[in-house]
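Okay, structure first, notes after.
Protein chains get the first letters and strands the later ones, always in sequence-line order, with residue 1 at the start of each.
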Amino acid sequence: MNEVTVYNTITRKKEIFKPLNPPHLGMYVCGPTVYGNAHLGHARPYITFDMASRYFTHLGYKVRYVRNITDVGHLENDADSGEDKIAKKARLEQLEPMEVVQYFTHRFHQNMEKLNVMPPSIEPRASGHIIEQITMIQEIIKNGFAYEINGSVYFDVEKYSKLHNYGKLSGRVPDEMLSNTRELEGTQEKRNPRDFALWKNASPEHIMHWPSPWGEGFPGWHIECSVMSQKYLGEVFDIHGGGMDLLFPHHECEIAQSIAAGKKESVRYWIHNNMITINGQKMGKSLGNFITLDDFFSGDNKLLEKPYSPMTIRFFILQAHYRSTLDFSNFALQSAEKGLKRLMNSFALMNNLQVSEKSTVNVAEIRDNCYAAMNDDFNSPIVIATLFEAARIIHLVAEKKETIDSPGLDLLKKTIHDFVFDILGLKEESEETGSLAKDLMNAILIIRKEVKLKKDFATSDMIRDELAKLRISIKDGKEGSTWAMEGESGG
RNA sequence: GGUCGGGUGGCCGAGAGGCGAGGCAGAGCUCUGCAAAAGCUCCUACAGCGGUUCAAAUCCGCUCCCGACCUCCA
């Protein structure tokens with residue numbers, strides 16, 4: 001009934017999604033290289049594919065979501081020698097490389113939990129799959145698509161592209177790439193600059209290394225995803241996701257490796273999220289213009305005017321379609337914060353709505369529109385726009401300008417529950433207020449009500465002002481007063 | 001240089017041949033002791049120039065800007 005359409009990068013078209021073995025659904029998403037703190041850019045794919053996974057689960061699919069951790073050292077550039085990223089960090093911090101890996105993996109998990117990103121079904125580590133990677137490299141050598149030089153193994157792009165279409169995913173033509181490849185130092189070892197490493201010989205100062213048929217070394221970057229996706233999802237699986245910046249060379253190489261190893265083309269739907277920009281430029285490690293998630297949560301960054309809660313970040317990201325670039329700014333984030341607060345306030349109101357005999361509002365249409373939006377390539381901005389419609393309805397009913405019947409209210413509650421909390425993965429962010437605080441606030445509100453009845457507004461305003469200093473706001477409604485902590489949604 | 005994607009109101013962002021997404025900001029009104037919250041209303045945009053069409057933000061051509069990838073990157 002709910003037919004999901006997804007934009008498949010390899011066909012450049014929206015396609016109807018049909019899993020290989022329903023109700024099972026296999027999805028692989030490229031995870032982080034754990035040598036630094038996660039930044040806003042990292043949040044995008046993990047929130048996007050979390051939403052996709054949640055939606056498929058909601059529709060009844062049995063989703064197996066695999067997202068890797070890249071914890072083997074990859075070189076900082078294409079040069080043959082030099083340190084890898086993790087080793088460099090380890091040297092600077094005087095740590096064992098695996099300590100670096102462990103530390104940032106933990107930090108990453110903490111960030112994801114705050115963002116309400118559900119853990120994947122399987123989170124394989126590259127370092128735990130060295131044997132499988134070696135095996136796949138051997139297959140590729142055996143099939144004649146790779147060669148060994150000085151303890152390193154390279155993929156022979158030229159030979160491969162004579163028989164297969166190298167560039168089919170990214171739309172690149174190997175011959176054009178050849179003439180346009182930049183001169184990079186230290187690539188003399190390769191037969192062709194386009195060739196990429198499957199295994200790298202470890203120089204003496206390179207600390208992360210494993211034994212292999214070609215000597216001590218470490219795997220190339222692209223092979224781990226080919227190996228781990230197929231190990232846990234099968235030779236052919238449904239969805240492979242990741243950031244657009246991984247399209248080439250990473251994902252292109254994954255396809256080539258699988259084919260060269262004598263396997264089928266494994267990915268049926270390629271899904272890529274677009275980048276987050278800052279001042280119109282991609283936010284990225286290499287440009288150094290990134291803001292870490294921890295910085296957002298604490299506000300401790302020159303570029304930030306204030307802290308932004310995890311749900312504000314999540315909402316901000318979901319307010320844009322995943323295939324569009326999304327530009328960071330304090331104003332945009334604060335807009336998202338206010339919008340989210342309004343939405344959440346209205347949903348809190350929903351539980352106190354009075355039902356009528358007749359309904360003047362169309363809840364079924366809201367629900368249908370939410371499904372239609374999600375089915376259209378996960379159009380979360382439309383879902384959110386529709387949810388603001390629902391918020392308006394809730395307020396109108398609360399103010400008795402519209403009425404809702406009992407089945408309508410039940411459907412409304414179900415719709416909010418499904419789309420806001422289950423699918424978009426938003427949640428209330430209330431500070432932990434103890435029961436004592438709640439009782440005290442109730443007592444204060446009772447006192448204030450008394451003085452207001454006596455028209456002692458000076459005292460009632462004083463109570464409100466003093467509470468405001470404690471970041472507690474008072475709202476007087478027709479049904480009495482409510483209170484809320486700043487940044488919190490309901491009272 | 002090659003390949004790909006964009007330019008939408010003050011800002012952020014959907015849409016992709018016809019009935020003007022949504023959020024934030026701003027203005028007015030209602031409510032209110034005041035404020036806040038909430039509601040209603042307003043502010044009617046699609047880079048430029050041509051073309052196709054009864055109809056173009058949406059299709060075609062040209063021009064101008066911007067970005068991504070081609071090296072590690074989510």
| So does Lys282(A) get a side-chain nitrogen or oxygen closer than 4.0 Å to the phosphate oxygens (OP1/OP2) of C69(B)? | yes
Using atom names, set out every protein N or O paired with an N or O of nucleotides 24-28 of chain B below 3.5 Å, distance rounded to 0.1 Å.
{"unit_1": "C24(B)", "atom_1": "OP1", "unit_2": "Arg342(A)", "atom_2": "NH1", "d": "3.4"}
{"unit_1": "C24(B)", "atom_1": "OP2", "unit_2": "Arg342(A)", "atom_2": "NH1", "d": "3.1"}
{"unit_1": "C24(B)", "atom_1": "O2'", "unit_2": "Ser335(A)", "atom_2": "OG", "d": "2.9"}
{"unit_1": "A25(B)", "atom_1": "OP1", "unit_2": "Lys338(A)", "atom_2": "NZ", "d": "3.2"}

| Within-4.5 Å side-chain heavy-atom neighbours: His42(A) and Asn111(A) | no
| query | Going by modelled atom types, is there a donor-acceptor pair between the base of G15(B) and the side chain of Asn379(A) at under 3.5 Å? | reply | no
| task | Could you tell me whether Met244(A) contacts a base, only the sugar-phosphate backbone, or nothing, with contacts defined as non-hydrogen atoms closer than 4.0 Å? | result | nothing
| Does atom CG of Asn279(A) have more than 12 heavy-atom neighbours, drawn from other residues, nucleotides or ligands, at distances under 6.0 Å? | no
| For Asp195(A), does its backbone N or O pair with a side-chain atom of Lys190(A) as donor and acceptor, under 3.5 Å? | yes
| query | Where each residue is assigned the nucleotide of RNA chain B containing its nearest heavy atom, which of Lys285(A) and Asp461(A) is assigned the position nearer the 5′ end? | reply | Asp461(A)
| field | Whole-Å gap separating C1' (C34(B)) and CG (Leu453(A)) | value | 16 Å
| said: For Glu15(A), is there an ion pair with Lys13(A) - N to carboxylate O distance below 4.0 angstrom? | reply: no
For a quick test of your reading: what N or O donor-acceptor pairs under 3.5 Å do the side chains of residues 43-52 of chain A make, sequence neighbours left out?
{"unit_1": "Arg44(A)", "atom_1": "NE", "unit_2": "Asn274(A)", "atom_2": "O", "d": "3.3"}
{"unit_1": "Arg44(A)", "atom_1": "NH1", "unit_2": "His321(A)", "atom_2": "O", "d": "3.2"}
{"unit_1": "Arg44(A)", "atom_1": "NH1", "unit_2": "Ser324(A)", "atom_2": "O", "d": "3.4"}
{"unit_1": "Arg44(A)", "atom_1": "NH2", "unit_2": "Met275(A)", "atom_2": "O", "d": "3.2"}
{"unit_1": "Arg44(A)", "atom_1": "NH2", "unit_2": "Ser324(A)", "atom_2": "O", "d": "2.2"}
{"unit_1": "Tyr46(A)", "atom_1": "OH", "unit_2": "Cys30(A)", "atom_2": "O", "d": "3.3"}
{"unit_1": "Thr48(A)", "atom_1": "OG1", "unit_2": "Arg44(A)", "atom_2": "O", "d": "2.8"}
{"unit_1": "Asp50(A)", "atom_1": "OD1", "unit_2": "Met118(A)", "atom_2": "N", "d": "3.0"}
{"unit_1": "Asp50(A)", "atom_1": "OD2", "unit_2": "Arg54(A)", "atom_2": "NE", "d": "2.8"}
{"unit_1": "Asp50(A)", "atom_1": "OD2", "unit_2": "Arg314(A)", "atom_2": "NH1", "d": "3.1"}
{"unit_1": "Asp50(A)", "atom_1": "OD2", "unit_2": "Arg314(A)", "atom_2": "NH2", "d": "2.8"}

| request: Would you please confirm or rule out a distance under 4.0 Å between OP1 or OP2 of U71(B) and any side-chain N or O of Ser286(A)? | output: no
| field | Interatomic distance, Asn274(A) CG vs G67(B) P [rounded to whole Å] | value | 14 Å
| note | For A14(B), the nucleotide meeting Watson-Crick or G-U wobble distances (both under 3.5 Å) is none
| Interatomic distance at C1', A14(B) relative to G33(B), whole Å | 43 Å
| field | G61(B) pairs with, by Watson-Crick or G-U criteria that keep both distances under 3.5 Å | value | C49(B)
| request: Scan every strand shown for a Watson-Crick or G-U wobble partner of G5(B), both distances under 3.5 Å, and answer none if you come up empty. | output: C66(B)
| Centres of the Phe296(A) and Phe328(A) rings: under 6.0 Å? | yes
| Can you tell me if the side-chain N/O atoms of Arg392(A) get under 4.0 Å from OP1 or OP2 in G23(B)? | yes
| Side chains of Thr325(A) and Asp327(A): is there a donor and an acceptor less than 3.5 Å apart? | no
| field | Leu247(A) CG to G2(B) C1', straight-line distance once rounded to whole Å | value | 16 Å
| How long is the line joining CG of Asn68(A) and C1' of A74(B), in whole Å? | 11 Å
| query | With both distances under 3.5 Å as the test, what is the Watson-Crick or G-U wobble partner of C29(B)? | reply | G39(B)
